[in-house]
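Presented below is the structure to which this report refers.
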Amino acid sequence: MKIAELKTAIIGCGNLGRALATGMADGGVDPKNINVTRRNLAPLADLKKRKINVHSDNVLAVQESSVIILAVKPYNVDLVLSEIAPHIDAKKHIVISVITGISIAHIGKFLPTGTPIFRAMPNTAADVKESLTCICHTHAGPAEIDLVNSIFSVLGTVLFIHEELMEAATVMGACGIAYVMRFIRAMVQGGIEIGFDSKTAGAIVHQTVRGASELLIVRNSHPEGEIDKVTTPKGCTIAGLNEMEHHGFSSALIKGIKASYEKIEKH
C-alpha cells in the first residue's frame, strides 16, 4: 500500500497526535485519509482547514481506517479500548499505541487474538519531520512492520527496540525534547546577560545546537572528542565548562533523566 493511500485514525488527538497528523500530511499521506478524534474539537480547527477529518466518533474513525493510532491519556486507555475493540478486525487493522507506560500485553487483553500491535514512542518533532521514534511490536509480519516503519519514517528517524526498553526510550526521546528545550532556553538567557538581544541570542543558540548535533551525526564522533577540539589551555571554554560542572550540570541532567524514568516505572 502506498503511504498516500493509507487510511489512518488517530484516537485522542492531543499535542502528540497533532504532531503526528501534520507530519504525516506533510510527508505525503492524503489528509482526506487521516481521521483524528478528541472530545473538544476546537483546538483541531487548523487540522480541519488542512482537509484532515476531525470529529469525536472513535468508532467511525476505526471503521474508516486500517491503521489505528492510540494517543489518548493513559488513564483513558481502557475506556477507549473497550469502546473500539468490537470494531477491530485482526486481519484488517494494525493498532499502534503512542501511550506512555501502557504495555502491548495490556492493550492485547482488549483486542481480538492475533491483532498486530505496535508500541511507538515518537516525539513532538514529528511536527517538522525530525522525530526520533522507537518501536516494538507483536503479531506483526514483515508487511506490517514495513508499513509502520514507512509511517514513522515520514516523521523522522526510526529505531526498532525491545519492549523492555520502551520506558527508557520515552525518557530519552520524548521527555528529552523538553530537556533540550530547557538547555536552549538557559543558553539564550545567558546570551542576553552578556549583551545580546533575545532574538539574536536565540538565532545563535539554535544554530549552534543544530551544528553540534550534526557534527556528532555526520562524523559519528564522541561528544568529548568534539569538546576537546574547542577547549584550549587556560581558555574561556574550559573555564565555562568547569564552572558548570562545579554546579552539578551533568549530575543534574542525569538525575533528571533517572527521575523521569522512575516516574514512568511507578505506573
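Just so you know, these numbers use all the heavy atoms, side chains as well, and skip hydrogens, waters and symmetry mates.
Counting heavy atoms of neighbouring residues, nucleotides and ligands inside a 6.0 Å radius, atom CD of E164 exceeds 12 of them.
I264 is listed as a side-chain neighbour of T170, based on a closest heavy-atom distance under 4.5 Å. Side-chain contact check for I99 versus V72: some heavy-atom pair is nearer than 4.5 Å. The shortest distance between side-chain heavy atoms of L44 and C13 falls below 4.5 Å. The shortest distance between side-chain heavy atoms of T157 and S131 does not fall below 4.5 Å. Residues S56 and T37 have side chains not in contact (no heavy-atom distance under 4.5 Å, counting atoms from C-beta outward). At least one side-chain heavy atom of I151 sits less than 4.5 Å from a side-chain heavy atom of M24.
No salt bridge links K255 with E262; every basic N to acidic carboxylate O contact stays at or beyond 4.0 Å. Using a 4.0 Å cut-off between a side-chain N of Lys or Arg and a carboxylate O of Asp or Glu, E214 and R219 do not qualify as a salt bridge.
Listed by chain and number, the hydrophobic cluster partners of I217 come to none, as no ILVMFWY side chain reaches under 4.5 Å of it. Think of Y75 as one node in a network of Ile, Leu, Val, Met, Phe, Trp and Tyr side chains linked at under 4.5 Å; it has no links at all. Hydrophobic clustering, defined by side-chain heavy atoms of Ile, Leu, Val, Met, Phe, Trp and Tyr closer than 4.5 Å, groups I204 together with F196. Hydrophobic cluster membership for L216: none, as no Ile, Leu, Val, Met, Phe, Trp or Tyr side chain comes under 4.5 Å of it.
Rounding to the nearest 0.5 angstrom, the gap separating the OG1 atom in T100 from the NZ atom in K73 is 8.5 Å. Atoms CD1 and CD1, from I69 and I10 in turn, are 5.0 Å apart once rounded to the nearest 0.5 Å. For the atom pair CD1 of I107 and OG1 of T138, the computed distance is 11.0 Å after rounding to the nearest 0.5 Å. Distance CG/L159 to SG/C136: 12.5 Å, rounded to 0.5 Å. Summarising the geometry, atom NE2 belonging to H87 is positioned 13.0 Å from atom CD belonging to E64; distances are rounded to the nearest 0.5 Å. Remark: I104 CD1 to M166 CE distance equals 8.0 Å, nearest 0.5 Å.
S213 places no side-chain N or O within donor-acceptor distance of the main-chain N or O of R210, the cut-off being under 3.5 Å. The backbone N or O of G12 sits nowhere less than 3.5 Å from a side-chain atom of R38 that would complete a donor-acceptor pair. Side-chain atoms of N58 never come within 3.5 Å of backbone atoms of V80 as a donor-acceptor pair (strictly under, hydrogens ignored). Between the side chain of S150 and the backbone N or O of D146, at least one donor-acceptor pair lies under 3.5 Å.
Partners of N40 according to the side-chain hydrogen bond (donor to acceptor under 3.5 Å, both in side chains) rule, which considers only residues two or more places apart in sequence or in another chain, do not exist here. Shown here are the side chain to side chain contact (heavy atoms under 4.5 Å, CB included) partners of E144, two or more places apart in sequence or in another chain: I94, P116, F118, A140. Scanning for ring pair (Phe, Tyr, Trp, His ring centres under 6.0 Å) contacts around H106 gives F110, with sequence neighbours left out.
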Below 3.5 Å, can you tabulate the donor-acceptor pairs from side chains in residues 233-242 to any protein atom, sequence neighbours excluded?
unit_1 : atom_1 : unit_2 : atom_2 : d
T237   : OG1    : V230   : O      : 3.1
N242   : ND2    : I238   : O      : 3.4

Report, one line per pair, each donor and acceptor closer than 3.5 Å where one atom sits in a side chain of residues 45-52; sequence neighbours left out.
unit_1 : atom_1 : unit_2 : atom_2 : d
D46    : OD1    : R18    : NH1    : 3.0
D46    : OD1    : R18    : NH2    : 3.3
D46    : OD2    : R18    : NH2    : 2.9
R50    : NH2    : D26    : OD1    : 2.3

In residues 177-189, what donor-acceptor pairs under 3.5 Å come from side-chain atoms, sequence neighbours left out?
unit_1 : atom_1 : unit_2 : atom_2 : d
Y179   : OH     : S260   : OG     : 2.6

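Put simply, L155 and L147 are part of the same group of oily side chains (I, L, V, M, F, W, Y) that touch within less than 4.5 Å, one to the next. Taking hydrophobic clusters as Ile, Leu, Val, Met, Phe, Trp and Tyr residues chained together by side-chain heavy-atom distances below 4.5 Å, V62 does not share a cluster with L60. Cluster membership for I88 and V98, using ILVMFWY side-chain heavy atoms within less than 4.5 angstrom, is not shared. Following chains of ILVMFWY side-chain contacts shorter than 4.5 Å, one cannot reach V95 starting from I135, and the two form parts of different hydrophobic clusters. Note on L70: it does not cluster hydrophobically with I34, by side-chain heavy-atom contacts below 4.5 Å among ILVMFWY residues.
The side-chain hydrogen bond (donor to acceptor under 3.5 Å, both in side chains) contacts involving residues 88-98 comprise nothing, where partners must be two or more places apart or lie in separate chains. Within the structure, no pair that satisfies the ring pair (Phe, Tyr, Trp, His ring centres under 6.0 Å) test touches residues 237-265, not counting sequence neighbours.
Side-chain polar atoms of S103 and E163 form no donor-acceptor pair below 3.5 angstrom.
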